[in-house]
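These figures come from a predicted structure and were not determined experimentally. Proteins get letters first, then strands, A, B, ... in listed order; numbering begins at 1 in each.
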Amino acid sequence: MSRDAVAELVDRYLNDEAFRMAFARDPDAAIVAAGFELDSEELAALHAHVSAHDNQALKPRVTKYSFGS
Amino acid sequence: MDVRSTPSFAAPILAHVWQFRAFSAGTLDALAANAARETAARGAVVLREGAAGTDAFVVIDGRLEVQIAGKSGPLPLAVLGPGDLFGEVAILAGVEGRTASVVALTPATLLRIDGAAFAQAIQDDPHVRTELEAVAERMALGRFIKSATLLGDLPPGALAQLAERVRVRRVAAGEAVIRQGEPGEECFLIRTGQLDVIVSEDGAERRLATLHTGMLFGEAALLTGAPRNATVRANAESELVVLRRDDVLAAMSSERELAEHLEALMQARSRPRRREGVQLHERVTSDGATIVTLKDPARGKYFRLSREGAFVWNRLDGYHTLRDLTMDLFLEYKVLAPDVVMGVIRHLAAEDFIELEHLDATATGAPSRRARMFGALRAVMEWSYSLDGCDAFFSGLYEHFGRHAYTRAGLAATIVIAAGGFAAFVAMAQRSAGTLLHAATVARVGAALIPLVVLAILLHEIGHGMAAKASGARVDRVGLGWFWFRAMLFVDTSDAWLANRRQRMLVDAGGILVNLVLAGVAGYVALLAPNLTVAAVAWVFALWSYVAVLRNLNPLLEYDGYYLLMDALERPNLRGLSLGWIATELWPALRSGKSLRGHRFELFYALGAVAYIGVVVVWALFAYRFTAQGWVARIVPPGSAPAFGRLFAFTLGGLALFRLCSDVWTEGARLRARERAVIHKG
C-alpha cells in the first residue's frame with residue numbers, strides 16, 4: 001500500500017473544495033477524475049463501512065409533562 | 001443569423017466602444033469599411049468555444065452571455081450589452097479557436113468586424129493593443145476563477161467585478177509568499193505552479209501540505225484577523241491571483257455558500273484542540289459494541305462518537321492536523337475516510353466541544369427569513385424557565401424514599417398495586433358512571449380533581465428523577481414553561497445518555513410507572529370508599545391517569561413514549577433524523593425512483609406523524625360534540641354550534657401540522673448543514 005498516494009489524496013481532499021464536493025457526490029468518480037490510482041487495499045479502505053450518523057450531538061433528554069394531557 | 005450589407009453608420013458605433021477610444025478617425029473608418037451588421041435570435045450561439053474564427057463583434061442592442069464549458073454544463077462568465085466588444089481575444093492571442101462561447105439572451109443586433117482588418121488596426125496602434133490585452137487578461141482571469149476555483153459559483157456580475165480588482169503575482173521557486181506569524185490582508189489563488197505549506201515548531205519545519213493549481217491559501221488570517229498560521233513557499237515557479245480582504249468579503253456577500261466553503265477550507269487545514277473539562281465515557285453494549293459519549297459538565301452537553309470518532313477525539317491536541325488524523329486513522333483501522341474525519345471535526349466544533357477557527361458572524365451573513373420566522377415562533381411557543389443544581393435534592397429524595405421502589409420488593413409492589421388497581425377500576429366503572437350522572441356530583445368531582453392532577457404531574461416528573469438516580473444519572477435541572485399552548489413541568493435527565501439501554505428505558509418509564517401506581521391506588525379507593533362522591537373522584541382520577549399514560553406513550557411527540565422507542569431501538573435523535581430524512585431525501589428518492597426499502601422506519605415515522613394530525617382533528621371533533629357542543633349551542637345562533645366544533649378541530653390540526661412542518665424544516669436544515677461536510681458510507 002502506497003502511503004504517498006493516500007497522503008496526496010487526503011491533501012487534495014482537505015485543500016480543494018471542488019474535489020471535496022465531487023468526492024461527497026461520488027468518491028470513486030472523483031478519485032478517477034482527479035487522476036489518483038488506488039490499489040485494491042486502498043479502495044477497500046475507501047469503501048470501509050463508517051457510519052457518520054454515529055458521530056452526533058445528543059439532544060437534551062427533557063422528560064416533560066404538559067397540563068393539557 | 002441574418003447578415004446584411006452595412007451602410008456608413010458603423011463608424012459612430014465603433015467610436016463609442018471604449019477600447020477603441022485611442023483609435024484615430026482614419027483607423028475607425030478603416031474598421032467601419034470592413035464591418036457588417038447582423039442580427040441574432042434569442043438563444044443563437046454567436047461564438048462557439050473551440051470553433052475557428054477571428055472576427056470581432058460589437059453589441060448594438062440586446063444582451064448576450066459569455067460562457068465556458070463546465071463539467072456539468074456551460075458556466076456563465078459575463079453578460080454583454082450595447083457598446084461591449086467581444087471576439088477580440090482570438091486575434092490578440094493569435095489563435096484560431098474561440099476561448100469562450102457567446103449566446104444571445106435576447107434578440108440582438110451586432111456589428112461584425114473582419115478579423116484581418118481588426119488585426120491590422122491594432123498592429124498600427126500599439127497603445128490600443130496594450131489596452132485590449134489588459135482586457136483580455138481580465139477575461140482570462142475571470143475564466144480561471146470561474147472554472148477552476150471555489151469562487152466559481154459567483155454570479156457573473158460579481159465575478160467580473162472581482163476579476164477587475166485582483167492582481168497577478170509571479171513567484172520564483174523557493175520564494176515565500178506568506179510567513180507564519182505575520183498579519184495577513186490578502187489571500188491567493190494558485191493559477192499555475194505548486195507551493196508547500198510549512199509550519200515552524202520548536203525550531204524545526206514541518207510540511208503540512210502541497211498546494212496545486214486552483215487551490216486557495218492565506219484565507220484563515222484574512223477572515224479571522226489572526227496572524228498567518230503557516231508559511232507558504234513556492235516549490236516551483238508559480239503564478240498567483242491575489243485577492244484582498246474587502247474583495248473576498250464582497251464576494252461572500254454575493255454568494256452565501258462561499259462563506260461556508262471558505263469556513264470548511266479553513267477548518268480542513270486547522271489543528272483542532274479539545275476543550276478543557278470535557279469527559280469521555282465508554283460503555284460496551286450487550287452485542288459487544290463500544291459506545292463512546294462525551295460529556296461537557298459545565299454546559300450539560302453530550303456527544304456520541306463512533307469508534308473512528310473516538311480515535312480522532314483522542315488526538316485533538318492542537319498539534320495534529322486533519323491530514324495527520326486521516327492518515328493515522330487509515331494506518332490504524334484501514335479506513336480511508338477524510339470526509340468522516342472532517343465531519344467529526346466540524347460537528348464537534350459546531351457543538352463547541354473543540355476549539356476551531358470560525359468565520360466572523362458578519363462574514364457568514366444573516367440567517368434566512370424562514371429561519372428567523374421559525375426561530376421566533378419556537379421561542380414564543382416553547383418557552384421554559386429552569387432551575388439548575390437540583391441533583392442534591394433528587395439524591396436526597398432517592399436515598400430516603402425512592403430507592404425502596406427500585407428494589408425487587410418495590411417493583412413487585414408496584415406491579416401488584418397497578419394490576420389490582422386496574423381490575424378495581426374496571427369493576428367500578430358502572431357504579432361510578434351512575435354517580436356521575438348527577439350534575440352536582442360532577443361539579444364536586446371536577447373541583448377535587450384539579451389538585452390531584454397537579455400533584456400527579458409533579459409526582460410523574462419526580463418519578464423520572466428517581467429512576468434517573470436509580471440508574472446512576474444526575475438530574476441537574478428542573479423547570480416549567482409552556483409547550484405549544486400547554487403549561488408543562490419537566491426534568492432534564494440528559495445524564496442518562498451515559499447509562500445503558502435498560503437503565504435509560506427505566507428513566508423513560510419512571511413517570512408512567514408513577515401514574516400507573518397512582519391510578520392503581522385510586523382504583524382501590526374507588527372500590528373501597530363508602531362515600532360515593534369520594535369513590536367517583538378516585539375513579540375519574542384513575543381514568544385521567546390511564547389516559548395520561550396512553551398519551552405519554554405516543555412516540556410521535558417528544559414525550560415518554562418517544563424516548564422509550566428511541567432507546568429501545570438504540571437510535572439517538574430518532575425524531576430529528578427521521579424528519580430530517582423526510583426533508584432532504586424523500587422527494588429526490590421518489591423523483592428518481594430510488595428504492596425506499598432502506599428507509600422504511602423514517603417513512604413509517606413520517607406517515608405516523610401525519611396520521612397523528614388526522615387523529616387530533618377527529619378526536620377534537622368527537623370531544624367537542626360529546627362535551628362542549630351542548631353548552632355552546634345555548635349561546636351561539638341556532639344551528640351554528642357544529643361549525644364551532646369544526647373550527648376548533650381544524651385549528652388544532654392546523655397547529656399540529658404547522659409544528660410538524662416547522663420540525664421537518666428545522667431538522668432538514670440541520671441535516672443539510674451537516675451533509676455538506678459529511679457523506680454516508682456503507
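- Take Phe311(B) and apply the ring pair (Phe, Tyr, Trp, His ring centres under 6.0 Å) test, not counting sequence neighbours, and it matches Tyr333(B).
- Looking only at distances, no side-chain donor or acceptor of Asn552(B) sits under 3.5 Å from a matching main-chain atom of Val549(B).
- Between the CZ atom of Phe490(B) and the NE2 atom of His460(B) there is a distance of 13.5 Å, given to the nearest 0.5 Å.
- Residue with the most contacts toward chain A among Gly576(B), Pro572(B), Gly309(B), Gly481(B): Pro572(B) (heavy-atom pairs, distance under 4.5 Å).
- Heavy atoms closer than 4.5 Å to chain A are found in the side chain of Arg477(B), but not in its backbone.
- Between Arg346(B) and Glu351(B), none of the side-chain N atoms (NZ, or NE/NH1/NH2) sits under 4.0 Å from a carboxylate O, so this pair counts as no salt bridge.
- A donor and an acceptor atom, one from each side chain of Tyr562(B) and Arg575(B), are nowhere located under 3.5 Å apart.
- Heavy atoms of Thr493(B) lying under 4.5 Å from chain A belong to its backbone as well as its side chain.
- For a residue to count as touching a neighbouring chain, one of its non-hydrogen atoms must lie under 4.5 Å from one of that chain's; by this rule Asp567(B) touches chain A with the side chain only.
- Residue Leu331(B) touches chain A through its side chain alone, counting heavy-atom pairs closer than 4.5 Å.
- For the pair Val507(B) and Ala496(B), the tightest heavy-atom approach, listed with the atom from each and the gap, is CG2-CB, 4.3 Å.
- There is a side-chain donor-acceptor pair under 3.5 Å between Ser306(B) and Asn55(A).
- For Leu211(B), the part sitting under 4.5 Å from any heavy atom of chain A is the side chain, from C-beta outward, and nothing else.
- Between chain B and the residues Lys59(A), Glu8(A), Arg12(A), the largest count of heavy-atom pairs under 4.5 Å involves Lys59(A).
- In this structure, the portions of Asp492(B) lying under 4.5 Å from any heavy atom of chain A include both its backbone and its side chain.
- Proximity to chain A (any heavy atom under 4.5 Å) is shown, for Asp296(B), by neither the backbone nor the side chain.
- If you measure heavy-atom distances from Asp495(B) to chain A, you find no contacts under 4.5 Å at all.
- Salt bridge Asp339(B)/Arg20(A): absent, no basic N to carboxylate O contact under 4.0 Å.
- Heavy atoms closer than 4.5 Å to chain A are found in the side chain of Thr293(B), but not in its backbone.
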